[in-house]
Amino acid sequence: MPGIIVVGTQWGDEGKGKATDQLGGDVDMVVKFNGGNNAGHTVVVDGESYALHLLPAGILSEKATPIIGAGVVVDPDALFSEIEAMEARGVDCSRLVISANAHVIPPYNRSLDKLNEVALGKSLIGTTGRGIGPTYADKMNRTGLRIQDLLDPELVRSQVTLNVEAKLRGFPEEQIPEDFKKDFEIDSIVETLVEYGRRIEPRIVDTSLLVNNALEAGETVLFEAGQAAMLDIDHGTYPYVTSSTAIAAGALAGVGVGPTLIDRVIGVAKAYTTRVGSGPFPTEMHGEDGEHLRDLGGEFGVTTGRARRVGWLDLVILRYARRVNGLTDIALTKLDVLDTYDTIQVAVGYEVDGIFMAEMPVLQRDFARAVPVYREMPGWKEDISGVRRFEDLPTEARDYVTFIEEQVGCRISTIGVGQARDAAIVR
Ligand code: GDP
Ligand code: IMO
Ligand code: MG
């Protein structure tokens with residue numbers, strides 16, 4: 001089973017890090033293919049919790065080579081702090097390699113990300129403020145800086161100068177708060193980036209060649225997504241999305257492999273739904289009900305610490321995620337979080353202007369006003385965290401799982417019942 005893609009099916013934080021880590025023992029390479037340190041993947045191993053942002057979850061595997069692919073945007077400050085923090089905890093980061101073509105997040109893009117949000121006022125996206133959007137914009141605009149460019153000090157200087165001057169035309173210096181000004185100082189940016197280039201040089205590889213060779217030799221490569229289908233730049237709830245391709249197709253473009261080398265696409269789905277930042281969310285729970293589920297699930301962001309918005313499971317979204325990703329199977333996570341409910345609601349469709357819809361509305365304005373049509377299911381009112389075999393789950397929990405499979409038309413291959421690496425039922 002050589003080429004496996006792991007993607008998020010909702011709005012992120014489904015438990016992709018844990019799903020990736022669980023497969024880690026049998027995997028030769030783990031490649032991050034999109035996004036950057038906007039991601040926050042928590043992995044719990046032997047009671048120790050690790051929060052990964054830019055590093056692929058494969059860093060925690062003893063055998064796998066962790067790889068940062070061409071589709072990722074790399075903030076070198078964040079990269080080296082994360083490596084140092086991991087190494088201080090005894091995690092070996094020496095095998096990590098980075099694509100020569102990955103783009104670099106320069107400090108001015110971090111500042112601009114935050115300033116853009118302030119300018120949007122009430123319409124803000126609620127970004128993570130890591131400079132993701134501005135850096136992908138530079139990439140598309142063909143003014144970005146790639147990892148390989150850091151090896152050429154003259155090129156760094158000309159690109160940084162060009163960018164800072166252009167950006168200051170859009171955001172005049174007097175509008176930039178004092179504490180952001182250092183992020184626009186050309187000399188110090190150039191000096192820092194060139195130094196980072198020297199440190200990154202030994203890790204630079206052609207990740208496409210590396211991964212293709214491994215797949216052709218029959219090795220197992222896991223492609224780990226950041227974010228999720230509903231945050232995808234093309235297929236998500238635009239403009240309330242991230243700026244990269246977070247669906248399975250992103251693994252191909254973001255690493256440089258062809259679709260014929262992919263055997264399995266695992267969609268990670270939380271047993272309910274969460275979202276961080278602004279944008280429509282049909283099954284959102286407000287008030288005390290929302291707070292209760294947020295507390296049960298510990299739904300606070302790994303990257304920004306923000307409280308996640310929470311709601312019931314939405315099968316329209318899962319059907320959509322199955323389709324846009326071509327999922328072969330689903331890893332259902334956090335089923336244990338629903339242990340105490342008398343009844344559980346699941347959205348099987350939406351009603352818009354009195355018309356029932358089982359598929360995602362074509363127009364987002366319809367999605368934004370869609371009224372979920374719920375199926376009420378009985379809860380199991382039992383602690384399932386110790387269960388390791390599907391047949392040992394309470395009937396109501398099994399019914400919940402099989403109902404999702406039928407409704408989405410996709411097999412559920414693992415069921416998460418806790419944070420730990422082994423807290424899962426594999427079917
Ligand atoms: P990711 O961004 O998709 O990797 O997900 P996050 O790490 O941001 O959020 C998922 C959270 O749920 C993490 O704290 C995980 O440790 C935790 N988690 C994952 N699977 C399970 C599960 O099956 N049960 C419980 N209770 N927690 C889980
Ligand atoms: P993981 O990989 C949840 C959200 C932000 C914001 C929008 C745009 O842990 O699932 P950005 O900084 O990317 O420009 O923000 O996307 N967002 C995430 N939400 N999980 C993530 O990553 C996210 N990465 C970005 O909250 O709404
Ligand atoms: Mg996360």
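Computed from heavy atoms alone, side chains included, the values below leave out hydrogens, waters and symmetry copies. Every number for a ligand or one of its atoms is a count from 1 in the order of the listing.
Here Asp13 has heavy atoms under 4.0 Å from ligand 1 in both its backbone and its side chain. Under 4.0 angstrom from ligand 1, the non-hydrogen atoms of Arg308 all belong to its side chain. In Thr42, the parts holding a heavy atom less than 4.0 Å from any atom of ligand 1 are both the side chain and the backbone. Both the backbone and the side chain of Lys334 come within 4.0 Å of ligand 1, judged by heavy-atom distances. Residue-level proximity to ligand 2 for Leu231 is carried by the side chain, the only part with a heavy atom below 4.0 angstrom. The proximity of Val241 to ligand 2, defined as any non-hydrogen pair under 4.0 Å, is limited to the backbone.
Ranking the protein heavy atoms by distance from atom 12 (O) of ligand 2 puts Thr128 OG1, 2.6 Å first. Looking at atom 13 (O) of ligand 2, its nearest protein heavy atom turns out to be Thr242 OG1, 2.6 Å.
Judged by distance alone, the side chains of Asn109 and Thr135 do bring a donor and an acceptor atom under 3.5 Å apart.
Of the N or O atoms in Gly418, one or more lie within a sub-3.5 Å distance of an N or O in ligand 1. For ligand 1, the polar-atom distance check finds an N/O of Gly416 within less than 3.5 Å of one of the ligand's N/O atoms. Note: an N/O pair closer than 3.5 Å links Lys16 and ligand 2 by distance alone. Annotation: Val44 places no N or O atom under 3.5 Å from an N or O atom of ligand 1; distance criterion only.
The pair Glu299-Arg275 fails the salt-bridge criterion, with no side-chain N (NZ, NE, NH1 or NH2) lying under 4.0 Å from an Asp/Glu carboxylate O. Contact check on Lys181 versus Glu178 returns a salt bridge, with a Lys/Arg side-chain nitrogen under 4.0 Å from an Asp/Glu carboxylate oxygen. A salt bridge between Arg323 and Glu359 is present, with a side-chain N of the basic residue lying under 4.0 Å from a carboxylate O of the acidic one.
By heavy-atom distance, the residue among Ala423, Gly40, Gly17 lying nearest atom 2 (O) of ligand 1 is Gly40.
Of the angles at the Mg ion (ligand 3), the one spanning O of Gly40 and OD1 of Asp13 is 160° when given to 10°.
Across Lys18 and Ala423, no two heavy atoms sit closer than the pair NZ-O, 2.9 Å.
At a 4.0 Å cut-off, at least one heavy atom of Trp11 sits close enough to ligand 2 to count as contact. Within the 4.0 Å heavy-atom shell around ligand 2 one does not find Ser243. Heavy-atom separations between Arg130 and ligand 2 are all 4.0 Å or longer. A heavy-atom separation below 4.0 Å is found between Arg306 and ligand 2.
For an aromatic pair to be called close, the ring centres must be under 6.0 Å apart, and Phe281 with Trp11 satisfies this.
Ligand 2 places these atoms under 4.0 Å from at least one heavy atom of Gly126: 5 (C), 6 (C), 26 (O), 27 (O).
The aromatic rings of Phe184 and Tyr108 lie tilted to each other, with the angle between the two planes from 30° to 60°. Ring pair Trp380/Tyr400 is tilted by interplanar angle, where 30° to 60° counts as tilted.
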